[in-house]
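Below is one structure, written out as structure tokens; the observations come after it.
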Amino acid sequence: SDLSYSTASDVNVGSVAWKDALPDRRADREAALEAIRKDWRSLQLASPELRRDLGIALAATKQNWEALKYVAKELLSNRDLVRLAVEQSGDALEYASTGLRSDFELVSEAVRRDPRAL
């Protein structure tokens, strides 16, 4: 498929632009995954319930650590999710829960990636 779109708002799910999808469609897990697989930024348009879904969060974060900006706050204490992001950029540690920001292994990885992460 052609992935030459510039923003998440250009992503189509089926024949409908994700940005124009009705709320019930944005709450549909499979539709959200389809949009997120095309562009991680589609996460910001997903329903709040889906932004609390670990599988959805992982799918977006695998593409770009900045997806942490759009996941539900409670997921920011999930070690696997935060590790996935920190492995891409030490800056991701800034979004982690307080508890994970003091996790030696995660902090070490963040600093290894980016000495400014402290």
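Taking CG from Asp114 and CD from Gln88, the interatomic distance works out to 13.5 Å, rounded to the nearest 0.5 Å. Residue Thr61 holds its OG1 atom at 9.0 Å from CH2 of Trp40, rounded to the nearest 0.5 Å. Here the NZ atom belonging to Lys62 is positioned 10.5 Å from the CG atom belonging to Leu81, to the nearest 0.5 angstrom. We find the CG-CG distance between Leu93 and Leu100 to be 8.5 Å, quoted to the nearest 0.5 Å.
Residues meeting the side-chain hydrogen bond (donor to acceptor under 3.5 Å, both in side chains) test with Glu49, sequence neighbours left out: Ser47. For Asn64, there are no side-chain hydrogen bond (donor to acceptor under 3.5 Å, both in side chains) partners, not counting sequence neighbours. Annotation: side-chain hydrogen bond (donor to acceptor under 3.5 Å, both in side chains) contacts of Arg112 (sequence neighbours excluded): Glu109. Under the side-chain hydrogen bond (donor to acceptor under 3.5 Å, both in side chains) criterion, Arg101 pairs with no residue at all, not counting sequence neighbours. Take Leu33 and apply the side chain to side chain contact (heavy atoms under 4.5 Å, CB included) test, not counting sequence neighbours, and it matches Arg29, Glu30, Arg37, Ile56, Ala59.
The backbone N or O of Glu87 sits less than 3.5 Å from a side-chain atom of Arg113, completing a donor-acceptor pair. Between the side chain of Gln63 and the backbone N or O of Ile36, at least one donor-acceptor pair lies under 3.5 Å. Counting only distance, with no hydrogens or angles, the side chain of Ser89 and the backbone of Val86 share no donor-acceptor pair below 3.5 Å.
The minimum heavy-atom distance linking Leu50 with Ala32 is given by the pair CD1-CB, 3.6 Å.
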Distance-only check: which donor-acceptor pairs under 3.5 Å involve side-chain atoms of residues 66-77, not counting sequence neighbours?
| unit_1 | atom_1 | unit_2 | atom_2 | d |
| --- | --- | --- | --- | --- |
| Glu66 | OE1 | Lys69 | NZ | 2.7 |
| Ser77 | OG | Glu74 | O | 2.9 |

